[in-house]
Amino acid sequence: PEAITVQELANRMAEKGADLVKAMFNLGMPVTITQTIDQDTAELLVEEFGHNIQRVSEADVDIVTTDDVDPEETLKPRPPVVTIMGHVDHGKTSLLDALRGTDVTRGEAGGITQHIGAYQVKTKGGDIVTFLDTPGHEAFTEMRMRGANVTDIVVLVVAADDGLMPQTIEAINHTKAAGVPMIVAINKMDKPEAKPQRIRERLLEHEIVVEEMSGDVQDVEVSAKTGDGLDKLLDAINLQSELLELKARPDRDAEATVVEAKLDKGKGPLATVLINRGTLKRGDIFVVGTQSGRVRALHDDKGRQVKEAGPSMPVEVLGLGGVPRAGDTLTVVEDEQRAREVAEYRQEKADEKRTTVAPTNIDTMFSALN
Ligand code: GDP
Ligand code: MG
């Protein structure tokens with residue numbers, strides 16, 4: 001939190017420090033002139049003295065990406081973004097690979113599987129589903145901690161021949177905490193020792209009541225090995241997705257979330273982003289975390305060049321100034337100067353956080369006091 005000493009604030013307001021101390025006393029908050037007060041108290045004082053507060057909002061210098069809401073009539077349905085979670089060896093990777101194999105657009109000219117951190121599947125029915133290709137809870141929680149809630153639906157994988165294991169429980173807890181709907185995939189049904197009913201019963205202990213047990217959490221029996229049940233799983237995902245009425249505005253500057261980033265020896269910094277809203281196009285200028293850049297090329301999950309990417313589509317972006325972090329937001333801006341300005345401002349703020357214990361820089365709080 002921002003803080004300032006009473007004296008500094010007085011200087012800013014061109015008032016006497018003693019008068020501020022007196023005012024604070026009258027407000028029931030006795031302080032000394034060298035004491036540090038928080039931002040809310042400072043604002044209260046400024047108002048008390050009849051000054052006009054102009055908080056330098058992040059929006060003035062930075063870009064606030066979440067506070068402008070697209071009008072309802074501009075919204076269009078978008079594909080769901082799905083994360084697969086579950087205990088180690090229960091078949092997350094196998095299931096992701098098997099689901100990728102169901103993509104009806106696979107095999108189109110030039111399409112070779114690229115592991116870019118996320119991929120899309122087009123089902124026989126024509127529905128599109130985006131899967132995050134990074135199974136595991138760390139990616140999910142790390143992204144959530146950084147404020148990036150990209151997952152719409154969690155598929156919890158439980159091996160029918162095993163049972164609820166520690167990471168299964170963990171996944172259940174993370175999913176509940178995130179408030180994301182869950183679909184249970186009971187995997188390894190091809191195994192003779194599969195006992196799906198036992199899984200359903202054990203799930204009850206964690207307040208997961210699946211449909212087979214007359215609850216409302218969809219459960220699907222699958223085999224990542226034979227491919228049995230994958231269509232049903234995709235149907236379940238689409239049904240859940242329809243209930244969520246997922247929408248985003250496609251015709252605006254893009255806003256996206258980094259799901260994976262790395263430095264490639266040949267291509268330079270690369271990031272796979274998932275478009276939250278808008279359409280990202282070649283040539284777009286953007287900031288992402290503390291980096292700026294211009295889209296030089298976009299590649300889809302089959303390694304093909306694409307001209308643009310719309311909501312829920314994962315694309316690999318070339319043309320970054322540096323490597324961003326997973327969970328960073330990419331925002332398209334009007335020109336390079338603005339992009340550099342914002343990136344530099346964020347870099348400064350990040351450096352400040354690292355070097356100063358108690359920030360006392362009033363410039364980040366108020367601009368003009370008059
Ligand atoms: P992860 O750790 O959750 O990613 O699990 P993996 O996908 O690596 O699978 C762990 C092991 O289970 C591997 O040996 C897989 O071949 C096997 N496996 C995964 N799914 C199935 C399945 O549906 N049936 C059978 N029989 N084996 C499976
Ligand atoms: Mg795995």
Side-chain angles (χ1 to χ4, degrees), residues 80-103 106 113-121 123-124 129-144 150-176 178 180-203 206 208 210-212 217-237 259-262 272 274 301 314 326-327:
V81 178
V82 178
T83 297
I84 297 197
M85 298 213 271
H87 195 70
V88 64
D89 282 345
H90 279 198
K92 297 181 293 295
T93 303
S94 306
L95 196 59
L96 276 164
D97 288 345
L99 285 163
R100 193 198 291 263
T102 65
D103 182 12
R106 226 168 48 117
T113 300
Q114 302 282 317
H115 286 272
I116 63 169
Y119 66 86
Q120 280 192 324
V121 164
T123 69
K124 283 182 206 134
V129 181
T130 303
F131 288 96
L132 288 182
D133 204 358
T134 39
H137 317 160
E138 269 162 53
F140 185 78
T141 37
E142 155 89 5
M143 298 260 281
R144 271 225 319 135
V150 290
T151 301
D152 299 308
I153 297 167
V154 165
V155 170
L156 179 73
V157 183
V158 191
D161 63 337
D162 201 359
L164 300 203
M165 299 299 281
Q167 286 166 306
T168 318
I169 315 286
E170 225 177 81
I172 291 172
N173 292 337
H174 287 322
T175 308
K176 279 184 183 166
V180 175
M182 177 191 283
I183 295 169
V184 179
I186 306 178
N187 191 31
K188 308 201 185 184
M189 283 302 294
D190 58 283
K191 288 196 159 187
E193 56 279 34
K195 290 195 183 68
Q197 197 54 25
R198 218 189 58 197
I199 308 285
R200 297 187 182 100
E201 283 160 12
R202 291 284 318 278
L203 283 168
H206 300 274
I208 308 285
V210 298
E211 285 183 338
E212 274 283 314
V217 175
Q218 298 190 81
D219 59 314
V220 188
E221 296 181 0
V222 297
S223 167
K225 190 178 173 185
T226 66
D228 276 353
L230 295 183
D231 285 351
K232 276 194 187 136
L233 179 56
L234 287 166
D235 286 346
I237 290 168
V259 294
E260 206 174 275
K262 62 180 179 193
T272 296
L274 200 57
D301 56 339

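When a ligand or atom number is given, it counts from 1 through the structure's own listing order.
Not a single heavy atom of M189 sits under 4.0 Å from any atom of ligand 1.
Shown in contact with H90 at under 4.0 Å from a heavy atom are these atoms of ligand 1, numbered in order with element: 3 (O), 5 (O). Short contacts between ligand 1 and K191, defined as distances under 4.0 Å to a heavy atom of the residue, involve ligand atoms 26 (N). Every atom of ligand 1 with a heavy atom of N187 under 4.0 Å away is listed here by number and element: 20 (N), 21 (C), 23 (O). Residue contact check: S94 has heavy atoms under 4.0 Å from atoms 6 (P), 7 (O), 9 (O), 15 (C), 19 (C), 20 (N) of ligand 1. Distances below 4.0 Å separate heavy atoms of H87 from the following atoms of ligand 1: 3 (O). For ligand 1, the atoms sitting less than 4.0 Å from at least one non-hydrogen atom of K92 are 1 (P), 2 (O), 3 (O), 4 (O), 5 (O), 7 (O), numbered in the order shown with element in parentheses. Interface of V88 with ligand 1, defined as ligand atoms under 4.0 Å from a residue heavy atom, comprises 2 (O).
When heavy-atom distances to ligand 1 are checked against a 4.0 Å cut-off, K188 comes that close through both its backbone and its side chain. With a heavy-atom cut-off of 4.0 Å, D89 touches ligand 1 through backbone and side chain alike.
T93 lies close to the Mg ion (ligand 2), since one of its N, O or S atoms is found at a distance under 2.8 Å.
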Can you list the steps and then say if D162 with T168 is a side chain to side chain contact (heavy atoms under 4.5 Å, CB included)?
CA-CA 11 Å; D162 201 359; T168 318; over 6 Å; no
Worksheet item: side chain to side chain contact (heavy atoms under 4.5 Å, CB included) between D228 and M189: does it pass, once the steps are laid out?
Response: CA-CA 8 Å; D228 276 353; M189 283 302 294; over 6 Å; no
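Salt-bridge check for E201 with K195: failed, with every basic side-chain N at 4.0 Å or more from each acidic carboxylate O. Taking 4.0 Å as the cut-off between side-chain N and carboxylate O, D133 and R100 count as a salt-bridged pair.
In this structure, CG in D231 is found 8.5 Å from OG1 in T123, a value given to the nearest 0.5 Å.
For ligand 1, the polar-atom distance check finds an N/O of D190 within less than 3.5 Å of one of the ligand's N/O atoms. Below 3.5 Å of separation, one finds an N or O of G91 facing an N or O of ligand 1.
Sparse packing is recorded around NZ of K232, with 12 or fewer heavy atoms of other residues, nucleotides or ligands lying under 6.0 Å away.
With a 4.5 Å cut-off on side-chain heavy atoms, V81 and L132 count as touching. Contact of the V82 side chain with the I183 side chain is not registered, since no non-hydrogen atoms from C-beta on lie closer than 4.5 Å.
Between the side chains of H90 and N187, no donor-acceptor pair is found at a separation under 3.5 Å.
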